[in-house]
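In what follows, a single structure is set out as structure tokens and then discussed.
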2 protein chains.
Amino acid sequence: MTTGRASRRPTRQQQAVADILGQSADFASAQALHGRLREAGETVGLATVYRALQAMADAGQVDVLRTDDGEAVYRACEPGHHHHLVCRTCGRTVEVEGPAVETWTDRVAAEHGFIDVTHTLEIFGTCADCARGASAS
Amino acid sequence: MTTGRASRRPTRQQQAVADILGQSADFASAQALHGRLREAGETVGLATVYRALQAMADAGQVDVLRTDDGEAVYRACEPGHHHHLVCRTCGRTVEVEGPAVETWTDRVAAEHGFIDVTHTLEIFGTCADCARGASAS
DNA sequence: CTCAGAATGATAATCGTTGTCAACTCGGTG
DNA sequence: CACCGAGTTGACAACGATTATCATTCTGAG
């Protein structure tokens with residue numbers, strides 16, 4: 001059978017989006033990424049940025065989460081399941097793993113008769129630098 | 001001393017929103033709640049529903065979370081910190097507690113020097129009823 | 001080189017949510 | 001009880017993020 005690759009035909013624009021994502025260590029919104037691409041001289045339409053991000057999200061190549069005000073933010077992440085520890089001041093992001101959490105969610109879900117279980121877990125806080133230098137000029 | 005009550009002046013509309021929330025066992029969007037109020041014969045403006053929900057959310061009287069497509073959904077919940085196990089088919093919601101998870105997130109955050117930590121955790125799955133009857137035409 | 005189909009991009013459309021502002025209500029006062 | 005000031009309401013406009021549309025362009029294969 002055909003390989004599982006649901007990837008679209010490779011194009012310069014998709015490559016550009018993937019590159020910009022790879023350069024950023026933190027989560028960024030689709031519009032922010034689009035803006036950065038324009039600054040970098042890349043000519044990519046906003047709609048294309050959205051499509052590329054969706055495609056990569058579907059393929060599991062990027063993580064997506066929603067800010068409190070409902071905006072979607074994206075980030076290129078290590079493959080595999082993990083969670084994020086995000087500084088709410090500077091946006092710094094740390095990927096964390098928690099086998100215990102995975103086990104716990106599965107067990108709780110099973111206890112209630114749920115199957116085909118997934119979960120989302122994000123941790124927000126203030127990182128050491130921001131806590132210390134919050135008053136920095 | 002002035003109580004911490006940031007609550008607004010009590011009105012019929014706010015009561016109506018609180019009531020409708022109390023009757024629903026599952027998460028519902030602001031617009032869905034507004035629709036239900038109209039069906040119930042209550043005359044409440046959509047903007048007022050949003051304001052009432054925000055006020056209750058600020059007061060910690062309701063839980064808010066975002067669906068995958070960014071829509072905010074609300075539910076009247078037990079006070080205190082807890083998480084949700086939601087059936088992605090029928091929407092049934094179970095409140096769950098996980099002291100172990102709380103501990104884990106705090107520890108992980110501390111290890112990375114983060115302070116003032118909060119977290120969000122939601123579990124999605126298919127409940128027993130939906131799993132069984134999923135093949136229904 | 002040429003073709004078919006997929007991808008792009010500018011724009012319009014959609015949807016949820018928030019802001020605006022005149023009219024209204026509440027609760028207390030004289 | 002009538003009145004008052006401030007907080008609320010509600011209809012509608014405004015807004016921002018995302019998605020759909022559709023003619024044009026590009027990719028890879030033959």
Side-chain angles (χ1 to χ4, degrees), chain A residues 2-21 27-59 61-75 91, chain B residues 2-21 24 26-59 61-75 91:
Chain A
T2 59
T3 62
R5 270 202 184 288
S7 72
R8 333 173 80 202
R9 180 154 45 187
T11 64
R12 171 180 55 79
Q13 290 90 340
Q14 288 176 32
Q15 189 58 51
V17 174
D19 285 350
I20 217 78
L21 266 174
F27 283 92
S29 71
Q31 315 229 9
L33 292 168
H34 176 240
R36 254 188 263 174
L37 283 171
R38 292 201 131 184
E39 284 178 17
E42 291 284 350
T43 309
V44 182
L46 179 57
T48 300
V49 174
Y50 274 103
R51 278 186 292 239
L53 289 172
Q54 279 184 349
M56 284 190 281
D58 287 348
Q61 294 164 15
V62 301
D63 278 3
V64 190
L65 58 87
R66 298 251 173 198
T67 62
D68 280 343
D69 52 310
E71 197 177 8
V73 288
Y74 304 81
R75 183 188 175 197
Chain B
T2 60
T3 62
R5 271 199 186 291
S7 74
R8 337 175 78 201
R9 178 158 51 189
T11 65
R12 171 181 55 80
Q13 290 90 340
Q14 288 175 31
Q15 190 58 51
V17 174
D19 285 351
I20 218 76
L21 265 175
S24 172
D26 305 323
F27 283 93
S29 70
Q31 315 227 8
L33 291 168
H34 176 240
R36 253 187 264 173
L37 283 172
R38 293 201 129 183
E39 284 178 16
E42 291 284 351
T43 309
V44 181
L46 179 57
T48 301
V49 174
Y50 274 103
R51 279 185 290 237
L53 289 172
Q54 281 183 349
M56 285 190 280
D58 288 348
Q61 294 164 13
V62 302
D63 278 4
V64 191
L65 58 87
R66 298 250 174 199
T67 62
D68 281 344
D69 53 310
E71 197 177 6
V73 287
Y74 305 81
R75 184 187 175 198

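Excluded from the calculations below are hydrogen atoms, water molecules and symmetry mates; all remaining heavy atoms, backbone and side chain alike, are included. Chain A is the first sequence line, chain B the second, and so forth, proteins listed ahead of strands; every chain is numbered from 1.
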Give the intermediate values and the outcome of side-chain hydrogen bond (donor to acceptor under 3.5 Å, both in side chains) for residues S24(B) and D26(B). CA-CA 6 Å; S24(B) 172; D26(B) 305 323; 5.6 Å; no
For E42(A), is there an ion pair with R36(A) - N to carboxylate O distance below 4.0 angstrom? no
Protein-nucleotide distance (Q15(B), atom CD; dC26(C), atom P), rounded to Å: 13 Å
Please report, rounded to the nearest Å, how far the C1' atom of dG10(D) is from the CG atom of L37(B). 14 Å
Using a 4.0 Å heavy-atom cut-off, does T48(B) contact any base of the nucleic acid, only the sugar-phosphate backbone, or nothing at all? base
Just by distance, do the side chain of R66(A) and the backbone of D68(B) share a donor-acceptor pair under 3.5 Å? yes
Atom pair distance, as rounded to whole Å: CG in D68(A) and P in dA17(D): 15 Å
Taking H34(A) for the side chain and V49(A) for the main chain, is one N or O donor matched with an acceptor at less than 3.5 Å? no
Taking C-beta and beyond as the side chain, do V64(A) and Q54(A) meet within less than 4.5 Å on heavy atoms? no
Looking at R51(B) and dG19(C), is any side-chain donor or acceptor paired with a base atom of the opposite kind under 3.5 Å? no
Between P on dT25(C) and CZ on R12(B), what's the gap in Å once rounded to a whole number? 9 Å
Check this one for me: any side-chain N or O of Y50(A) less than 4.0 Å away from OP1 or OP2 of dT18(D)? yes
Spacing between L46(A) atom CG and dT11(C) atom P, to the nearest angstrom: 12 Å
Counting heavy atoms from C-beta on, name the nucleotide in dA7(C), dT18(D), dG9(C) closest to the side chain of Q13(A). dG9(C)
Of the candidate nucleotides dT9(D), dA6(D), dG28(D), which contains the atom at the shortest distance from the side chain of R9(A)? dG28(D)
Taking only side-chain N and O atoms of T11(A), does any of them lie within less than 4.0 angstrom of OP1 or OP2 on dT8(C)? yes
Counting just side-chain N and O atoms, does R8(B) come under 4.0 Å of either OP1 or OP2 of dT9(D)? yes
Distance, rounded to the nearest Å, where R66(A) contributes CZ and dG16(D) contributes P: 18 Å
Rounding to an integer number of Å, can you tell me how far E42(A) CD sits from dG9(C) C1'? 15 Å
Between C1' on dT9(D) and NE2 on H34(B), what's the gap in Å once rounded to a whole number? 12 Å
Report which part of the nucleic acid T43(A) touches: base, sugar-phosphate, or nothing (heavy-atom distance under 4.0 Å, all strands). sugar-phosphate
Nearest-nucleotide wise, let me know which of E71(B) and Q14(A) is further upstream toward the 5' end of DNA chain C. Q14(A)
Nearest nucleotide by nearest heavy atom, which residue falls closer to the 5' end of DNA chain C, A47(A) or Q54(B)? A47(A)
